[in-house]
Every structure is written in structure tokens, then in C-alpha cells.
Amino acid sequence: MPRTTSMTYDPSAIEAKWQAAWADTELFKAVRDARPKYYVLEMFPYPSGRIHIGHVRNYTMGDVIARYKSSCGFSVLHPMGWDAFGMPAENAAMASGGHPKTWTYDNIDVMRGQMKPLGLSIDWSREFATCDPDYYGQQQALFLDMLDAGLVYRKPAIVNWDPVDMTVLANEQVIDGKGWRSGAEVERKELTQWAFAISDMAEDLLDSLSKLDKWPEKVRLMQENWIGKSRGLQMTFKLSAPTHGHEGIEVYTTRPDTLRGASFIAVAPEHPLAKALAEDDAELAAFAADVRKGGTTEEALEKAEKRGYDTGLTVENPLGGTLPVWVANFVLMDYGTGAIFGCPAHDQRDLDFAIAYGLPADPAFKPVDADALEIAGEAYVPSKTEVVHYHFDKPFPLKDKRDFATGQEAIDAAIDWAEAQGIGTGKTQFRLRDWGLSRQRYWGCPIPVVHCDTCGVVPEKKENLPVTLPDDVTFDVPGNPLDRHPTWRDVPCPKCGAAAKRETDTMDTFVDSSWYFARFTAPHAATPTDLDDAAYWMNVDQYIGGIEHAILHLLYSRFFARAMGKTGHLPQGTEEPFDALFTQGMVTHPAYVTKDDRGRAVYHLPEEVDVSARTLRASGEAVDILPAIKMSKSKRNVVDPQDIIAQYGADTARWFVISDSPPERDFEWTPEGAEAVHKHLRRVHRLAEDIARADRSANTADADLARATARAIHEVTQGIEGFAFNKAVAKLYEFSNTLNKSDAGADARRDAMKVLAQLMAPMVPHLAEELWTMMGGEGFVMRAPWPKADPALLVDDTITLPIQVNGKKRSEVVVAKDAAKDVIEALVMEDAAVQRALNGGAPRKLIVVPGRIVNVVV
RNA sequence: GCGGGUGUGGUGGAAUUGGUAGACACAAGGGACUUAAAAUCCCUCGGACUUCGGUCCAUGCGGGUUCGAGUCCCGCCACCCGCACCA
């Protein structure tokens with residue numbers, strides 16, 4: 001390419017130069033000082049192998065905020081770490097015979113090396129990986145304190161069991177109800193597992209959502225529904241004849257107003273009564289075993305065909321008569337009492353069941369305007385706020401002897417009635433279950449307890465932490481290597497010294513990510529946190545991550561912040577650790593797939609595919625191209641940022657990923673977009689060169705440029721503050737176009753370019769430093785105080801009001817900013833388009849909204 | 001199945017509390033410069049009709065409220081995210 005100017009935009013030189021300068025001055029080291037602090041955090045990455053554009057977008061957003069806040073005078077903490085435990089490392093070990101530890105740390109090295117050229121303002125001195133013994137040892141200390149505080153306990157839990165490999169499977173490893181390796185039909189199996197008592201805090205976790213006013217409404221709503229508080233009725237149905245030590249069946253219902261329509265009782269297969277009956281009923285035992293087939297996800301359970309087994313037992317209905325007792329696969333032991341009464345008329349699941357087994361469907365209420373309610377294939381389920389007709393063929397105890405009520409009023413009335421009759425009590429119930437944390441896997445944080453035949457479960461002594469993972473393990477057979485590692489597993493009891501066994505389960509990786517934000521405030525402390533550091537840096541002022549974490553990760557972190565407060569690891573006021581939350585959209589890209597000889601999908605990296613020929617480059621095999629979906633390692637539809645940086649530089653990648661789509665929405669990577677961004681940055685660089693060379697004696701001030709500058713400052717600042725980076729970028733395009741066309745004097749254009757450099761600095765920091773220096777700016781642009789817009793320049797003296805006729809724009813009128821209504825009216829009536837529309841008549845109505853619009857109704 | 005979200009030109013998107021639909025870009029087409037290409041610069045760019053003044057249609061679909069609806073309400077459709085052992 002011929003050089004048309006003496007200097008050209010050379011990102012590789014510029015970026016290396018400024019990154020070195022930043023590093024030399026430790027510009028991003030977070031320090032406690034007199035400034036107000038600002039803690040910005042992006043959800044830390046899993047070290048899957050290489051960074052992809054999704055990472056670039058996520059960390060660029062955080063970096064924009066971090067650099068902006070720094071320019072605004074805050075002491076900024078912007079750390080980075082690695083969520084490093086998890087299944088993929090073990091899968092890689094199984095596939096290629098390596099070690100999860102080697103695989104993980106190698107990946108971290110690669111990804112750190114890919115991340116640093118992005119020029120993120122990260123304090124790398126705080127970096128850690130959750131698989132560092134230093135980190136997970138502190139996590140074990142936390143666990144012991146939580147155990148001591150009664151926040152962790154053991155309970156039975158249901159897992160996916162592969163009967164061929166004899167191993168527990170993750171939900172992800174269950175495909176269409178079958179184990180991913182063995183292909184065997186998965187069963188649900190009960191194991192004793194460790195659990196965090198998160199449901200004890202359900203009420204607080206729910207109530208405190210209202211304080212999170214800088215969280216997206218949708219996330220709060222999702223958490224609210226997940227916690228699922230409901231007030232219902234708990235009541236006991238007396239068995240017609242007591243059996244197996246059971247006098248009755250306790251049920252819980254959120255719709256006691258439907259009791260009149262009850263036509264059966266159903267209990268979960270794991271219900272104590274069902275288990276007792278199954279002991280001497282082979283047919284029931286076979287049924288229970290059969291419905292155990294399949295995975296544990298709520299989705300699988302909900303979608304499964306409704307199946308039941310008639311026990312032949314009956315219970316007394318307090319409203320008269322009896323109800324049959326069934327064992328049903330759609331009743332969950334985890335929720336309520338593990339037993340329900342079925343009301344087919346007003347619950348679709350109950351109706352499906354009733355139709356399958358010939359049970360009646362009698363309505364408890366009907367629509368206000370209906371004579372009767374006929375139930376065919378669809379249950380009648382109005383919302384609880386809708387008024388319906390309760391008191392029709394049979395009495396219903398509504399207040400004031402009314403006939404009509406909303407569902408909620410009727411529920412309350414039914415609970416009052418049941419309590420008065422002594423047949424049940426009102427009870428608040430949460431959908432939220434305790435958090436089972438045990439995993440039967442190697443690559444996780446060991447649970448620091450020992451099982452002793454005489455002492456029971458004994459916590460490891462704190463001075464023995466960390467309980468480190470052994471390195472000498474193999475993955476050639478299914479199951480947990482810790483389980484078959486005698487020298488690691490067999491230890492003396494910490495209490496009595498007798499031969500005992502370590503807990504071989506490790507912790508859910510969600511535990512690792514539930515407190516890392518607190519560890520970042522003192523990453524080298526000898527205790528999980530340092531209270532002084534935590535008091536200074538907490539809370540996270542701005543947390544940024546994917547919407548896919550809207551429920552579990554965020555809820556678990558909120559729980560951990562409370563638990564750490566209770567165990568003295570966090571100061572007061574950190575119960576809600578994330579002041580503001582932003583959920584960014586995903587980066588999407590087409591996916592490329594072929595089928596293996598068993599018909600299963602095999603995904604391929606974009607660089608392995610000849611897209612135009614739709615074939616694999618290596619083999620020529622035909623490839624299916626799926627439309628753009630979330631970039632993910634499993635789908636291999638990832639773009640390598642390294643290639644982009646090599647071609648265009650980091651600033652181009654950074655600018656592009658936040659430029660077009662709103663940050664909360666998905667973003668599709670396209671090669672053209674990157675090219676166009678690069679051209680623009682080159683244009684700005686060239687413009688700066690022109691200005692730097694311009695004759696400084698020709699020095700005319702320019703009011704238009706000053707106004708444009710003020711508006712740019714105002715709107716870019718608003719865009720960054722409001723997480724509308726795409727709008728801030730659009731404004732920067734506009735401002736640089738204006739500056740490019742401006743014929744103002746050199747000093748005026750130089751001042752404007754300095755402001756442009758400052759406004760661009762959060763997005764394209766390297767180029768901004770370069771522009772700043774070219775314009776004679778002193779020090780780092782990032783250290784220059786954020787520019788302020790002169791308010792006087794933001795308001796215009798005159799405004800253009802659109803004139804509508806019958807709601808459609810027909811003309812416009814220029815008026816003084818504060819013109820009186822009657823002045824505007826007079827001008828409007830003179831307008832040619834208005835006169836044409838009126839055709840000599842008078843308007844039916846004239847609407848003048850000052851400062852906005854005029855509408856003439858004819 | 002349940003919970004949450006999204007839908008605007010060929011494309012990504014913009015549009016304070018209901019007030020000019022399409023800012024800013026991408027792609028495309030035309031032109032300038034050049035021996036040529038690249039680069040750069042300029043112009044056009046939702047659709048239909050037009051007497052070139054404009055007129056009508058148009059924000060997933062169908063209704064409604066309003067002087068005025070992309071925005072509010074009701075009913076659909078399509079796609080996406082989550083569903084507790086993927087991270």
C-alpha cells in the first residue's frame with residue numbers, strides 16, 4: 001500500500017508502545033487511597049482453551065466502564081481470574097490422556113496471553129485461578145466455618161445414574177434420557193449429599209430483590225419466580241383404613257380454592273407411604289422402578305408422560321365421600337409434602353392424568369358469564385387476579401356470602417375456612433430448594449471432612465488446609481479417581497486418630513464462583529478475605545455478565561455474601577454484593593456440523609470449514625451450516641480474536657464488539673464490520689495528523705464546533721453511563737465527521753480533537769493515547785479528567801416543531817425555544833400545508849405540546 | 001411443560017414520560033481521482049404511485065385505546081435464554 005502521508009495508523013506499533021507505558025507506570029494497579037473507590041467486575045472466564053469474541057465483548061464493556069470511572073476520579077478495582085475447576089478438564093483428560101491440571105493451567109497461559117494484547121485496564125497482580133490450592137484452601141476454610149454455623153448439612157438427593165458405567169452423570173451428560181458414553185437408559189438414584197441451607201434465607205433473598213434497583217427488572221423477576229414464594233394450605237387427608245403405620249396423607253396445595261374439584265390423591269414414588277407399600281406390592285415396586293428411568297431435570301420430569309399406579313387405598317374427603325390414592329410420576333418429592341390432591345378441572349397436569357386413568361373432572365368455579373363449565377381436553381386455569389364464579393351449585397365460604405371472587409380472595413377464604421374447621425393450616429412455601437454441592441468428580445475443590453466409623457463426619461483441622469488434590473490419578477475408567485486412590489483417601493480421623501476415610505466428593509464449581517469477587521479484594525490474604533480490604537472495595541459497583549447466569553450464579557453469590565457475613569468473612573452491608581448488574585448479550589456465529597458413524601453431531605471450528613463450498617477443508621466432507629447461534633466451545637463456532645488483533649489491532653476489535661448492537665442484545669460477528677471499523681479509526685488518525693500539521697496562526701474560534709463538542713461530551717457521557725455504548729459510538733462517528741468537515745482554526749480543531757481522544761479513550765485506549773499525544777496532551781489521556789460539557793452550549797435558541805395534520809407530519813415551524821402557545825398557534829395557522837388541509841375552515845382541535853409537536857385536527 | 005426475554009429497511013440498529021419512524025453504520029448502486037487497481041472523496045439508498053408540489057402503505061400478525069401508537073391494552077405467531085450436576 002503506497003503511503004500518502006508521512007505517518008500512518010499502525011496499530012501493532014501503537015498498541016505495543018502504550019501497553020508497555022501503562023505497565024511501566026502500573027497505571028491499573030488498584031490502590032486504597034483518598035479517592036472514592038469503584039469496583040467493576042466481569043464474570044470471570046472458564047479456561048476452555050482460547051478466548052473468543054464473546055470474551056472480548058464482555059471484557060471490553062467492563063473496560064469501558066473501568067477507564068471511564070478512572071477518568072472521573074475514582075480509584076478503580078478491575079481484576080481478572082479463572083473459574084478453573086469443572087468437567088471439561090476431566091473430559092479432555094479422558095479423551096487425550098493428559099492431566100486436568102496441566103490442561104487447565106496450559107489453557108490459562110494461552111488465554112492470558114491472548115487477553116493481554118487487548119489492552120484491558122486490569123490489575124493483573126490480583127489474578128488467581130480457583131484451582132490454585134491457595135484459593136480452594138481458603139474455600140475449604142469457608143466451608144468449615146459454614147458447617148460450624150449450620151449452613152451446610154447432609155441430606156438425600158437425587159442424581160442421574162448411569163447403570164452401565166456405574167457413575168453419576170451431569171445433566172449435560174444425559175442425552176435424550178441416555179448416558180452420553182454408555183448409551184444406557186439413565187435412572188434417578190438417591191445419594192447422601194452435602195447441601196447449603198440456602199432455603200433458610202429464601203425470605204430475605206426474595207425481599208432484598210426490591211433493593212436491587214440497578215439490576216435489570218427481568219433478572220429480579222426471574223429470581224423472584226425461582227424462589228417462588230406461595231401461601232397455600234397444608235392439610236391431612238385421613239386414610240379410610242390406616243396402613244403401614246400411616247394414618248393419613250399430608251398434602252400441600254397453592255390452590256385450596258379448588259378442593260371442591262378434587263378427584264384423587266397422588267403421592268410421589270419416593271413418598272414414605274409409596275415406599276412402604278412397594279415393599280409388599282411387587283407391581284408397585286416395578287412401577288416405581290420404571291418411572292425412575294430418565295434424567296433429573298425439571299424439564300424431563302414435566303414433559304414425561306403422566307403415569308400412575310392405583311394403590312387401591314382411599315382417603316376421607318372432608319367435603320364428603322372418599323378419594324382414591326395413586327402413586328404418580330409427576331408429583332415431586334422435593335416440593336411441598338410430596339403429595340397432592342388432584343383437581344383435573346383446574347390443572348392441566350391433573351387433567352392429563354385424569355383423562356389417562358378415567359378419573360372425574362368436576363369444576364370448583366366457572367367463568368362469570370357461563371351457565372356451566374364443560375371440561376374437555378383443556379383445564380380452566382384463570383389467573384389468580386381474575387374474578388370467577390365460585391358459589392354456584394355447591395356452597396363456597398366466601399366473605400360477605402358473595403358469589404364471585406378472584407382466585408386470590410378465594411384461596412384466602414379457603415385457608416381461613418380450613419383453619420376454622422381444623423382440617424389444615426395456611427403455610428408459606430418456597431420453590432427454592434437447598435443447594436446440593438457434592439460432585440462425584442476429581443477436578444473440583446475437595447470437601448474437607450473425614451468419615452470415621454466411631455466419630456462420624458469429622459471436619460478436617462484448619463491447620464491441615466488446604467486438602468490438596470493428588471496429582472497421581474488416571475481417567476481410564478469411569479467414576480471418581482479420588483474414590484480409588486487409597487493413599488489419598490485413607491487417613492486417620494482428625495478427632496480420634498483411628499483409620500478413617502476422606503470425603504471423596506468435591507464441590508460444585510458454582511461454589512468457586514460464589515465468592516471470588518470477595519477474594520479479589522485481598523487475593524493474597526492468609527484468610528478467605530481481609531476485612532479492611534473488603535470494607536474498602538466491596539461492593540462490586542458494576543457487575544457484568546451473561547443473562548444465562550441470571551438465576552443460579554447470582555442467587556448463589558447472594559447466598560454466599562450472607563453466609564460470609566454470618567461467619568465473619570465479610571463486613572456489614574455486603575449482603576447484596578453486586579450494586580449494579582448488567583447482563584450483556586451473547587456473541588453469535590454460524591455453527592458447522594457433520595455426523596459421526598453413530599449419527600451424532602460433530603462440530604467444527606470456522607477455520608476448519610470452507611464456508612463457500614460447505615465442506616471440511618481437511619477431508620472435503622460436506623458440512624451443515626447452522627444459522628448464527630451462541631458462540632460456545634461445545635459448538636466450536638468461535639472466532640479467534642488473535643487473528644483479528646493481528647490483522648487490525650485490538651482497538652478495532654474493541655470498538656467493533658460494542659459499536660452496533662446494544663450491549664444487552666446478541667451480536668453477530670461479521671468480517672465486514674471489523675474492516676469498516678478499522679477504516680474509521682484510520683480516518684480519525686489521519687484527521688489528527690492533518691490537525692497536528694495545520695498552521696496554528698490561523699486561529700478562528702468556531703461556535704458550531706464548540707456546540708458540537710459540548711453535545712458530543714454530553715451524549716457520549718450519557719451513553720456510557722446508561723450502558724448504551726452503541727449510541728455513544730454513533731455519537732463519536734457523528735462528532736468525528738463534524739470535526740472532519742469543520743473549517744475552524746487549528747487551535748479550535750486541536751481542542752476538539754483532544755476532547756474526541758478523551759471520549760474515545762474508554763473504547764480505543766491505545767489510539768486515544770496516540771491522538772492525545774499528537775495534539776500535545778500531557779501525560780496519559782486516561783489520567784486527564786473526563787471533559788465536562790458547557791451547559792450554555794447544550795441549548796439552542798430556536799427549535800423546529802413538527803406540524804401534524806390528523807397525526808401525520810405535514811410541515812414544520814421554527815420558533816423561539818420558549819415561544820408562548822398562542823404565538824406558536826398563530827404561526828401554525830399561517831402555514832401553507834395547514835391552510836391547504838383546512839381548506840378555509842377552522843380546525844376541530846389544535847394541540848400544541850410546547851417543545852415537542854403541534855397537531856391540527858380537521 | 002414451566003419461568004423470562006426478543007421481533008423496526010437488504011443488514012446491525014436509532015427514536016426522553018405516547019409526539020417528525022429509519023439517527024449512526026454495514027452492504028449495494030452511481031460518480032470523481034487513477035494508465036489500471038487499491039486506497040480516498042462525493043452522491044443515492046423502506047415500498048408503491050406521482051402532475052416532482054406531494055399522496056398512500058409500512059415497526060412479526062390480528063384487534064383496541066388516543067388528537068397522535070414502534071412505544072399502552074387484549075389475543076396470536078416465530079425465535080432465543082434458564083429450568084437446580086454445563087460453565
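In what follows, chains carry the letters A, B, and so on, assigned in the order in which the sequence lines appear, proteins first and then strands, with residues in each chain numbered from 1.
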With heavy atoms under 4.0 Å as the rule, sort [X] into base, sugar-phosphate or nothing.
| X | value |
| --- | --- |
| A/Leu432 | base |
| A/Gly546 | nothing |
| A/Ser513 | nothing |
| A/Glu217 | nothing |
| A/Val168 | base |
| A/Gly673 | nothing |
| A/His680 | nothing |
| A/Ala550 | nothing |
| A/Leu221 | sugar-phosphate |
| A/Gln804 | base |
| A/Gln348 | nothing |
| A/Asn855 | base |
| A/Pro45 | nothing |
| A/Arg810 | sugar-phosphate |

Taking the side chain of [X] as heavy atoms from C-beta outward, which of [options] is closest to it?
| X | options | answer |
| --- | --- | --- |
| A/Asn737 | B/C24, B/C83, B/G19 | B/C24 |
| A/Tyr733 | B/C85, B/C24, B/U16 | B/C24 |
| A/Lys727 | B/A15, B/C24, B/U20 | B/A15 |
| A/Pro802 | B/A14, B/G82, B/U20 | B/U20 |
| A/Lys218 | B/G4, B/G1, B/C86 | B/G4 |
| A/Met222 | B/C85, B/G3, B/G12 | B/G3 |

Find the distance [X]:[atom1] to [N]:[atom2] and express it as a whole number of Å.
| X | N | atom1 | atom2 | answer |
| --- | --- | --- | --- | --- |
| A/Glu298 | B/C2 | CD | C1' | 7 Å |
| A/Gln584 | B/G5 | CD | P | 18 Å |
| A/Lys731 | B/U16 | NZ | P | 15 Å |
| A/Leu301 | B/C2 | CG | C1' | 12 Å |
| A/Glu672 | B/G12 | CD | C1' | 11 Å |
| A/Gln223 | B/G82 | CD | P | 15 Å |
| A/Trp655 | B/C24 | CH2 | P | 15 Å |
| A/Leu552 | B/G4 | CG | P | 16 Å |

Watson-Crick or G-U wobble mate for [N], both contacts under 3.5 Å:
| N | result |
| --- | --- |
| B/C79 | B/G5 |
| B/G12 | B/C24 |
| B/U40 | B/A32 |

If the glycosidic angle is within 90 degrees of 0 it's syn, otherwise anti, so just tell me which one B/G31 is.
anti
Does the separation of the ring centres of A/Phe667 and A/Phe656 fall below 6.0 angstrom?
yes
Does [X] have a side-chain nitrogen or oxygen under 4.0 Å from the phosphate oxygens OP1 or OP2 of [N]?
| X | N | value |
| --- | --- | --- |
| A/Arg665 | B/A14 | yes |
| A/Asn726 | B/A14 | yes |
| A/Arg433 | B/A84 | no |

I'd like to know if A/Arg220 and A/Glu217 make a salt bridge, using a cut-off of under 4.0 Å between side-chain N and carboxylate O.
yes
If the C1' atom of B/G70 is compared with that of B/G1, how far apart are they to the nearest Å?
32 Å
With nearest nucleotides of RNA chain B determined for A/Arg349 and A/Val677 from heavy-atom distances, which residue corresponds to the more 5′ nucleotide?
A/Arg349
